[in-house]
Protein chains: 2
Amino acid sequence: MIGRLNHVAIAVPDLEAASAMYRDTLGAAVGAPQDEPDHGVTVVFIELPNTKIELLYPLGEGSPIKGFLDKNPSGGIHHVCYEVEDILAARDHLKAQGARVLGSGEPKIGAHGKPVLFLHPKDFQGTLVELEQV
Amino acid sequence: MIGRLNHVAIAVPDLEAASAMYRDTLGAAVGAPQDEPDHGVTVVFIELPNTKIELLYPLGEGSPIKGFLDKNPSGGIHHVCYEVEDILAARDHLKAQGARVLGSGEPKIGAHGKPVLFLHPKDFQGTLVELEQV
């Protein structure tokens with residue numbers, strides 16, 4: 001069912017420092033910050049040859065990553081995102097297998113303009129999993 | 001400098017349950033467990049079209065992931081591994097930029113039979129980074 005690893009998301013306490021680290025120290029292709037007010041994050045994409053790293057920084061009140069950064073002040077790996085062809089079929093299969101879908105259970109339009117869902121970390125070995133329809 | 005994302009490693013408290021979750025619930029191609037006594041882990045590789053997920057489970061006394069699982073009993077994302085062409089050149093560049101290399105600073109032969117180094121999570125936004133020469 002799952003296809004490509006679309007991205008690994010890393011929550012960071014200082015977006016400029018993190019961007020500089022990936023650009024100058026690790027020598028990667030680092031994009032410009034993009035505000036995503038609907039998702040409460042500012043995002044920087046790092047393009048690797050086979051996938052992306054997403055740096056996430058809180059935007060506005062009630063950002064979904066604020067709690068994560070409170071618990072992990074240095075930052076840390078926040079989630080992985082797997083691609084699926086049909087997000088409703090994937091959701092129904094997952095629910096039938098007993099996995100919990102976060103929120104209303106209906107896909108939302110994610111930071112890439114495509115339908116996404118998040119799955120409960122307790123059902124996936126402590127890993128927050130995002131599914132994105134491609 | 002960094003190239004492909006070679007893998008994302010996830011430490012898990014129950015390798016059989018985690019393998020079943022990735023195989024049956026997420027529908028991925030899950031390999032057989034491989035003991036890596038030199039690294040203190042049993043590994044299960046999950047092949048995605050563009051990269052791999054590595055499930056890690058402690059093997060023997062003093063496993064390097066035991067402390068992580070003590071802190072994260074449900075499991076969690078343990079590290080990301082980026083490919084480099086020349087690991088000694090990468091190390092020297094990183095050290096010149098002020099990043100800390102873990103252990104002796106000399107590459108070891110990793111679970112894939114290739115030279116690897118680990119970088120200090122505090123220098124990379126709380127993310128443990130492995131570099132692998134390919």
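Chain naming here is simple, since letters A, B, ... match the order of the sequence lines and numbering starts at 1 in each.
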Per-residue contact mode, [X] against chain A (heavy atom under 4.5 angstrom):
| X | result |
| --- | --- |
| D24(B) | both |
| I53(B) | side chain |
| A11(B) | backbone |
| I10(B) | side chain |
| A29(B) | neither |

Verify the cluster assignment for [X] and [Y]: are they in a single hydrophobic cluster under the rule of side-chain heavy atoms below 4.5 Å apart?
| X | Y | value |
| --- | --- | --- |
| V41(A) | F118(A) | no |
| V129(A) | L56(A) | no |
| L102(B) | Y82(B) | no |
| V84(B) | V8(B) | yes |

- Query: chain B: which of N72(A), D123(A), L131(A) shares the most heavy-atom pairs with it under 4.5 Å?
  - Reply: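 Counting heavy-atom pairs under 4.5 Å, the top option is D123(A).
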- In terms of heavy-atom pairs under 4.5 Å with chain B, which of P49(A), P73(A), A99(A), P121(A) leads?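 Answer, by heavy-atom pair count under 4.5 Å with chain B: P49(A).
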Do other residues, nucleotides or ligands put more than 12 heavy atoms under 6.0 Å from the [atom1] atom of [X]?
| X | atom1 | answer |
| --- | --- | --- |
| E106(A) | CD | yes |
| E85(A) | CD | no |
| E47(A) | CD | yes |
| K66(B) | NZ | no |

- Query: Which atoms of A17(A) come close to chain B, meaning under 4.5 Å heavy atom to heavy atom: side chain ones, backbone ones, both, or neither?
  - Reply: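 The backbone, not the side chain.
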- Item | When L26(B), I2(B), L48(B), I77(B) are compared by non-hydrogen pairs under 4.5 Å with chain A, the top option |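 When all of L26(B), I2(B), L48(B), I77(B) are compared, L26(B) has the most.
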- Query: Between D14(B), L55(B), T25(B), T51(B), which residue shows the highest count of heavy-atom pairs closer than 4.5 Å to chain A?
  - Reply: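 Top count of heavy-atom pairs under 4.5 Å with chain A: T25(B).
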- Item | Point-to-point distance, once rounded to the nearest 0.5 Å, from OH of Y57(B) to CD of Q125(A) |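 One finds 13.0 Å between OH of Y57(B) and CD of Q125(A).
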- Message: For R4(A), is there any backbone N or O sitting under 3.5 Å from a side-chain donor or acceptor partner on N50(B)?
- Response: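 Not confirmed, N50(B) side chain does not pair with R4(A) backbone.
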